[in-house]
Number of protein chains: 2
Amino acid sequence: MAITGRPRGFDRGAALEAAMLVFWRKGFLAASMNDLCDAMGIRSPSLYAAFGSKETLYLEAARHYAKTIGPSVWDQLKNGTTGRESVENFLLAAVSVLPECGKMPAGCMVTLAGVSEECTDAILQAMKQVRIDCLELLRTRLNDSLVTGELPPSTNIERLSRFYFGVYQGMAIQARDGAAPEDLKGITETAMDAWPG
Amino acid sequence: MAITGRPRGFDRGAALEAAMLVFWRKGFLAASMNDLCDAMGIRSPSLYAAFGSKETLYLEAARHYAKTIGPSVWDQLKNGTTGRESVENFLLAAVSVLPECGKMPAGCMVTLAGVSEECTDAILQAMKQVRIDCLELLRTRLNDSLVTGELPPSTNIERLSRFYFGVYQGMAIQARDGAAPEDLKGITETAMDAWPG
DNA sequence: GCCTTTCTGTATCGATCAACACAGAAAGAG
DNA sequence: CTCTTTCTGTGTTGATCGATACAGAAAGGC
């Protein structure tokens, strides 16, 4: 069956990107349909036809964030010969990504989303799952360092991964408050002083 | 001039406390007048007569939070013979305050407020000022340890205070996600490993 | 050409938002 | 008692929310 009917008059991917930026900056509830339509350059019937609803648009925007923005930070956990180096690279990537930069809002969309009960249950659950997955990435990397002997056998991996995750989250909030990259870099360097050994 | 007129039929302080809990849990935007009136046990004309508007009610609720909840954590910075002990007491207080407990929502109202642009400018500015004041409390305490010689003269106080503030903020977010006190305690203990020396 | 299909623009839906008008109720002052 | 003052309850305001109905426009298939 060939495609037929009037073709869509806008770039769906570009519209999704624009919606992501609005949700990232304002959150789910504060981002009104007017805000979204204006940023996406379309009218609401086109939005609903292409994305379903405000809620499903948010979920897709969050997935888009996790695919395009997230990896620039979290993939750094695979970049490093040692666990310590990997974690430091991860935090340093956060230093350069979290501050406001051009059209990109400050902070992390996933970290700041759903911390207040302003979203639907589906959104809260989805965002929480992403955070669980992120924590798991840290846990996995640190566990690798445990089995290779880089970390002493007595190391509490759960505790250490939660700590570095918390450092990332704290940096995300301070970035929202306008912290400069050098401020965040200081946090990173101090956090690395807590590395075991 | 003696007081006259029909006396208020509700406890203003108790109503403010109830409003604080609603704002704390849901945030400014998601907390509707209906939510607030129900929790406070009054009708909206009484609310407006006693508190002005939703915005001024929020600001007063935030001040109430800063006077009643905040000190249980931040006053610990004065409790300790050394700076290290004070900071550890501060974080341990956060461990016991941040998780959900009875009617108290999880997390820190000030930390979670105004991270998304869902509030009025006045609220955003007020909350940011509170966070600035908190950071200053840490900076002051650490500087004391610098002048007493507990911390080496080369210590970067700005960096260290931002670090421990970030740890607190990260703990606040993880508490929102349901982290248990023992999870937060692990973060605290790891963070203390970063103490200079 | 015409038919079918899909998208776009206008205009609007009911619901909910924060805020308030107004009248009655509850106190003290005289 | 009456008068004044202040608070409470009912009901409603205009604005905005997310979401659509509907008609016309723009494409392919025939």
Side-chain angles (χ1 to χ4, degrees), chain A residues 1-16 18-20 22-23 25-62 113-114 116-124, chain B residues 1-16 18-20 22-23 25-62 113-114 116-124:
Chain A
M1 169 179 166
I3 58 166
T4 177
R6 177 175 174 175
R8 181 178 287 130
F10 61 95
D11 183 332
R12 193 181 188 280
L16 180 61
M20 178 193 75
V22 173
F23 280 132
R25 185 178 302 277
K26 310 188 78 167
F28 175 74
L29 198 54
S32 71
M33 288 299 301
N34 270 339
D35 294 333
L36 294 165
C37 287
D38 287 351
M40 300 164 81
I42 60 179
R43 252 47 104 255
S44 62
S46 300
L47 190 156
Y48 282 94
F51 298 100
S53 69
K54 187 186 177 185
E55 180 182 28
T56 52
L57 172 61
Y58 185 95
L59 290 170
E60 191 168 346
S116 56
E117 297 180 1
E118 58 146 8
C119 309
T120 66
D121 288 343
I123 293 179
L124 280 176
Chain B
M1 170 180 166
I3 57 166
T4 175
R6 177 175 174 174
R8 181 178 286 131
F10 61 95
D11 182 332
R12 192 182 188 280
L16 181 61
M20 177 194 76
V22 173
F23 281 132
R25 187 179 303 276
K26 310 188 78 166
F28 174 73
L29 198 54
S32 71
M33 289 299 300
N34 269 340
D35 293 334
L36 293 165
C37 288
D38 287 352
M40 300 164 82
I42 60 179
R43 253 44 105 256
S44 63
S46 300
L47 189 155
Y48 282 95
F51 298 100
S53 69
K54 186 185 177 186
E55 181 182 27
T56 52
L57 172 60
Y58 185 95
L59 290 170
E60 190 168 346
S116 56
E117 297 179 1
E118 58 146 7
C119 309
T120 67
D121 288 343
I123 292 179
L124 279 176

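All values below were derived from every heavy atom in this structure, side-chain atoms included, with hydrogens, water molecules and symmetry-related copies excluded. Quick note on labels: first sequence line is chain A, next is B, and so on, each numbered from 1.
Atom CG of B:Asn34 is separated from atom P of D:dG11 by 15 Å (rounded to the nearest Å). Atom CE of A:Met33 is separated from atom P of D:dA15 by 21 Å (rounded to the nearest Å). Distance B:Lys26 NZ to C:dC17 P: 9 Å, rounded to the nearest Å. Whole-Å rounding puts the A:Phe51 CZ to D:dT20 P distance at 16 Å. Between the OH atom of B:Tyr48 and the P atom of C:dC17 there is a distance of 11 Å, rounded to whole Å. A:Leu29 has its CG atom 16 Å from the P atom of D:dT16, to the nearest Å. Atom CG of B:Leu47 and atom P of D:dC7 are 13 Å apart (whole Å).
For the pair A:Asp35 and A:Ala30, the tightest heavy-atom approach, listed with the atom from each and the gap, is OD2-O, 3.5 Å. Between B:Ala31 and B:Val22, the shortest heavy-atom contact is CB-CG1, 3.7 Å. Between A:Ala50 and A:Arg8, the closest heavy-atom pair is CB-NH2, 4.0 Å. For B:Asp11 against B:Gly13, the heavy-atom pair with the smallest separation is OD1-N, 2.8 Å. Summarising the geometry of B:Ala39 relative to B:Ala18, their closest heavy-atom pair is O-CB, 3.5 Å, with the distance given to 0.1 Å. Closest of all the heavy-atom pairs between B:Ala122 and B:Leu59 is O-CD2, 4.3 Å.
A heavy-atom distance below 4.5 Å is not found between the side chains of B:Met40 and B:Phe10. The side-chain heavy atoms of B:Leu29 and A:Lys26, taken from C-beta on, include no pair separated by under 4.5 Å.
Pairs passing the salt bridge (charged side-chain N to carboxylate O under 4.0 Å, His left out) check and including a residue from residues 43-53 of chain B, sequence neighbours excluded, do not occur.
For A:Ser46, a side-chain nitrogen or oxygen approaches OP1 or OP2 of C:dT8 to under 4.0 Å.
Interface residues of residues 35-42 of chain B facing DNA chain D, ordered by number: none; criterion, heavy-atom separation under 4.0 Å. Listed in residue order, the members of residues 52-62 of chain A having a heavy atom less than 4.0 Å from DNA chain D are A:Ser53, A:Lys54. The stretch residues 8-15 of chain B touches DNA chain D through B:Arg8, B:Gly9, B:Phe10, each having a heavy atom under 4.0 angstrom from the strand.
A:Ala31 comes within 4.0 angstrom of sugar-phosphate atoms only, judged by non-hydrogen atoms across all strands, and of no base. Across all strands shown, A:Ser44 has heavy atoms under 4.0 Å from base atoms, whether or not it also approaches the sugar-phosphate.
The CG atom of B:Leu57 lies 7.5 Å from the CE atom of B:Met33; values are rounded to the nearest 0.5 Å. Rounded to the nearest 0.5 angstrom, A:Arg25 CZ and A:Met20 CE are separated by 10.5 Å. Interatomic distance, CZ of B:Phe51 versus CD1 of B:Ile42, reported as 6.0 Å (0.5 Å rounding).
Every ring-ring contact (aromatic ring centres under 6.0 Å, His included) that A:Tyr58 has, sequence neighbours left out, goes to A:Phe23, A:Phe28.
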Every protein N/O within reach of nucleotides 24-27 of chain D N/O, cut-off under 3.5 Å:
{"residue": "D:dG24", "atom": "N2", "partner": "A:Arg6", "partner atom": "NH1", "Å": "3.3"}
{"residue": "D:dA25", "atom": "N3", "partner": "A:Arg6", "partner atom": "NH1", "Å": "3.3"}
{"residue": "D:dA26", "atom": "O4'", "partner": "A:Arg6", "partner atom": "NE", "Å": "3.4"}

